[in-house]
4 protein chains.
Amino acid sequence: MKKTLFLSFIALLCVQLSHAAKVDTALTYSAAMKKNIKAVVITPDSYSQAQSMPVVYLLHGAGDAFSGWIKKVPALQQYADDYQTIIVCPDGNVTSWYFDSPIDPEWKYETYVATELVNWIDKNYKTIKDRKGRAITGLSMGGHGALYLSFKHQDVFGAAGSMSGGVDITPFPLNWNIAKRLGDYDKNMQRWKDNTIVNMTWMLVPNRLALIIDCGKDDFFYNVNMKLHETLQYSNIPHDFIIRPGVHNWDYWSNAIKYQLMYFNGFFTKKG
Amino acid sequence: MKKTLFLSFIALLCVQLSHAAKVDTALTYSAAMKKNIKAVVITPDSYSQAQSMPVVYLLHGAGDAFSGWIKKVPALQQYADDYQTIIVCPDGNVTSWYFDSPIDPEWKYETYVATELVNWIDKNYKTIKDRKGRAITGLSMGGHGALYLSFKHQDVFGAAGSMSGGVDITPFPLNWNIAKRLGDYDKNMQRWKDNTIVNMTWMLVPNRLALIIDCGKDDFFYNVNMKLHETLQYSNIPHDFIIRPGVHNWDYWSNAIKYQLMYFNGFFTKKG
Amino acid sequence: MKKTLFLSFIALLCVQLSHAAKVDTALTYSAAMKKNIKAVVITPDSYSQAQSMPVVYLLHGAGDAFSGWIKKVPALQQYADDYQTIIVCPDGNVTSWYFDSPIDPEWKYETYVATELVNWIDKNYKTIKDRKGRAITGLSMGGHGALYLSFKHQDVFGAAGSMSGGVDITPFPLNWNIAKRLGDYDKNMQRWKDNTIVNMTWMLVPNRLALIIDCGKDDFFYNVNMKLHETLQYSNIPHDFIIRPGVHNWDYWSNAIKYQLMYFNGFFTKKG
Amino acid sequence: MKKTLFLSFIALLCVQLSHAAKVDTALTYSAAMKKNIKAVVITPDSYSQAQSMPVVYLLHGAGDAFSGWIKKVPALQQYADDYQTIIVCPDGNVTSWYFDSPIDPEWKYETYVATELVNWIDKNYKTIKDRKGRAITGLSMGGHGALYLSFKHQDVFGAAGSMSGGVDITPFPLNWNIAKRLGDYDKNMQRWKDNTIVNMTWMLVPNRLALIIDCGKDDFFYNVNMKLHETLQYSNIPHDFIIRPGVHNWDYWSNAIKYQLMYFNGFFTKKG
């Protein structure tokens, strides 16, 4: 009997070791917007034994929701295990662009993701409550969002990434509801220019924010990513920059996320 | 005798078939400016039998008038026949730049051409009363004008072109009376920047407005056209772009117009 | 009754006028290769009344044959009528690249197309027997071929074009059987370099050969066409250069050929 | 007692699961050079249970030896475990450049690594004996070597990488003993040009060899890597290209190798 018990224990242990990440749908609250907002939280197998873990915030693209990433890339659970990292997928309300809209007080997704959600996660999970334990990345609209939030909240995030990011919004003022967040382009040009990533690199100093930026060679955002790369080089801001074969689709992103998470793991585990 | 009669008839028919476009000088009215304005209207040979026809609006350059195009390029009649298309040459009052001047209420050529004239033509001719049946192009000042009016009136025009267009006016603030329309450059820089084509591409989304842009390699507007091309590429706006031998003269334009009209014919006749 | 007869005659005449181009499959002979080779010859409606007509030689791409163009673009008949031009579609034997192969004496397609076929056509059709009455163009492999034959035979051809041309073969030494014509790249680099269009522009002087070159923005030959354009500009060789939306397919070519034929018509009809 | 036994077993199991890669120093033989040559072979924890495994060949830089990689990056053992991949570090005899020297018959390192060593490994280890199961990469001289061997032996290697590779040797004719392998530059220019990676991309066709190339922004090989990237883009050869902060040192390579191995794992595990 005892033998059976121990063998069961071993079996259980092995199962847990090989694939035990947990996917929660958390109900978070935004005081700024006075509403509940869902988020996916992936905790790795080793979470129960851990004291504190780093967190990667992973943003979706325009038209998608908090559940998009885990539906399209279930391997995120494996990656959470591999890197002993919590992965949080916030909801960006289809096309919030992760802005605090200056024209519509009901849209405060900068405050929500960079402050409220981070606080909520830190309160409810065993996280490293420091910028050295937080990274943020995303795809397309979420690539712009991740850089935007990290540039403006460098005290919160220590590393940031972008996959196929719409890192310059000014060429696309009629697309993806950006104008509903910032106001019409023609009447608010300065605001658009102030809130597009390619113009916000002045906020950076070398080696404070760890950056990884990638784009597919045949993506319609290739040119804006090349411009961001050149702007960062001009300003001597260190960053990993990757050009791969590929277009604006999940084949690309399900591959890209692996490299982004490896990069963040390097950031989380580096000494000094 | 009868035979002779019939043969004469055939001969007449053949003549008519090969060259029967009609050139009218129409007297149109601008309510905005409270004055009559002349326009050339070329109707093709087949007009009398037709139910409705597409219209190409063809703008003149600085220093010229509504009659400039037909005087310099009488072959427009042949092209009207070839493509079964009405060609309308508006008057741009020497140097209106086709603006509604914000400083001089007597200059409302945007309103006149894009609204009043189009309505007048639609009322007095058998036209396709839809953006799918209207294109606008022009040379030099008229190239800027055609793009300007089409960008701002995409509900009116479905296709637009520019030949040797002055597609960025900001490098030329002392030329061609532009300052009389927009105010002096040094005191009105923002207005100039808001009303120069290279800065107005944000108004476009891919594949809504069909675009054909050309310029001579040795034209003084070559650089601004290259900049426009690059800006459109950066924003992923599809467009035909042509660089030819040539300078800023009628040799260039009498050739260029043939390709522009062929392009518009492709737009008018495409399915779907 | 007579009246009826004449009216019928008129009706017939009109029909004939609108679409009477004739498509022949001609059996030509190559003395150099000692074999018969087929070609499509399109004669326009007005051919029977004409004394002599210009000819456009239209080359197919790799993998295709003499019949490819007329099958995919039957509107060639209409264009032959419109421009009163004979169109000849030679056979390039799938992947001859229109070379006289220096390693395989059975492949002499430069001699065949530029000399034997031209002579055969001049003998059997009412052609303008002069470079001023001959143009040559083609797509992909045929774009390279048309420029290649025209550069080397400027006494034969007065105008040349390329649509999506593979105008630099050196980046593609393992593709499309080029190595079977020129020998393996690594052992015959100098020969490849001597026979790739981007390196052959030294053969040109300004304004001798009329040139029109186009490519789709998303074509895999876009870069080589940009290089050719830059090389020609560097050498001050006048040429029409067109970048359009599009990729390497018949949607692109069935549109591009219209502009190429209009260009050649301009060449054939210009005075002086 | 029984309990103790089982707990020991569990402890043992955990240890084995977490870090059991084995590092061998293998003594291989080169028939071409008639000598024994050492190599490091890292087999992952799961090797004993496996039927066959993919192999990554990992080349050292100039001045180093087969043992360099494992000494500087002991984490290779962990990576071998993570990706269930054998890692083989050949010896490149300080400055062989992995050439079969045309001037010195005692240097046949192309034959040794790409043929003899691969055969030896396939015979002595449970490998996937196919290009789909073999990748090759290296740093500096080894980056050039890995691309060189993979370009010339595409039947052997299915994927290749380069880290800070000296991918164009022609600007450095007096460095690192290259002249001892190829002969003096001034007297053997053609040979140098034929054996430098930037000139060897003609050997590639799209999507046959999977490629990942990286370089540090402040590396003295940055410019040659940019040139390689541009050459590959000109030839439409898909490849991952990464620019990172960093110089020519082990900080860079100990990071870069992680991404290279992840890339090769993607290659080894992709379907179809």
Participant: Quick check: does any side chain N or O of C:Tyr47 sit under 3.5 Å from a backbone N or O of C:Lys126, one acting as donor and the other as acceptor?
Facilitator: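 Side chain of C:Tyr47 to backbone of C:Lys126: a pair is present.
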Participant: Identify the residues of residues 231-251 of chain B whose heavy atoms come closer than 4.5 Å to a heavy atom of chain C, ordered by number, or report 'none'.
Facilitator: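 The stretch touches chain C at B:Gln233, B:Pro238, B:His239, B:Asp240, B:Phe241, B:Ile242, B:Ile243, B:Arg244, B:Pro245.
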Participant: Under 3.5 Å, is there a donor-acceptor pair between the B:Asp214 and B:Tyr263 side chains?
Facilitator: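 Result is no, nothing qualifies.
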Participant: Against C:Gln77, only a single residue in C:Ile70, C:Asp82, C:Ile87, C:Thr43 fulfils side chain to side chain contact (heavy atoms under 4.5 Å, CB included); can you say which?
Facilitator: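 Only match with C:Gln77 under side chain to side chain contact (heavy atoms under 4.5 Å, CB included): C:Ile70.
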Participant: Minimum heavy-atom separation for C:Ala80 and C:Pro44, please, with both atom names.
Facilitator: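 Closest heavy-atom pair between C:Ala80 and C:Pro44: O-CB, 3.2 Å.
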Participant: Determine, step by step, whether B:Ile257 and B:Leu58 satisfy the side-chain contact (heavy atoms from CB on, under 4.5 Å) criterion, reporting the C-alpha distance in whole Å, the side-chain angles of both residues, the deciding distance to 0.1 Å, and the verdict.
Facilitator: CA-CA 9 Å; B:Ile257 186 61; B:Leu58 179 56; 3.7 Å; yes
Participant: Can you tell if the side chain of C:Val73 reaches within under 4.5 Å of the side chain of C:Trp253, non-hydrogen atoms only?
Facilitator: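 No; the side chains remain at least 4.5 Å from each other.
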Participant: State, yes or no, whether a side-chain contact exists between B:Leu139 and B:Ser164 at a heavy-atom distance under 4.5 Å.
Facilitator: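 Sidechains of B:Ser164 and B:Leu139: no contact.
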Participant: Are side-chain heavy atoms of B:Tyr125 and B:Asp24 found at a separation under 4.5 Å?
Facilitator: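 B:Tyr125 vs B:Asp24: side chains touch.
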Participant: Select one option (side chain, backbone, both, neither) describing which atoms of B:Lys258 are under 4.5 Å from chain C's heavy atoms.
Facilitator: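 For B:Lys258, heavy atoms of backbone and side chain both lie under 4.5 Å from chain C.
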Participant: Is a side-chain N or O of B:Tyr57 found less than 3.5 angstrom from the main chain of B:Gly138, in a donor-acceptor match?
Facilitator: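 Answer holds: no.
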Participant: Would you say that C:Leu59 contacts C:His144 through its side chain, given a criterion of any heavy-atom pair below 4.5 Å between the two side chains?
Facilitator: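 No, their side chains stay 4.5 Å or more apart.
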Participant: Write out, in numerical order, the residues from residues 205-212 of chain C with a heavy atom short of 4.5 Å from a heavy atom in chain B.
Facilitator: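 Near chain B, by residue number: none.
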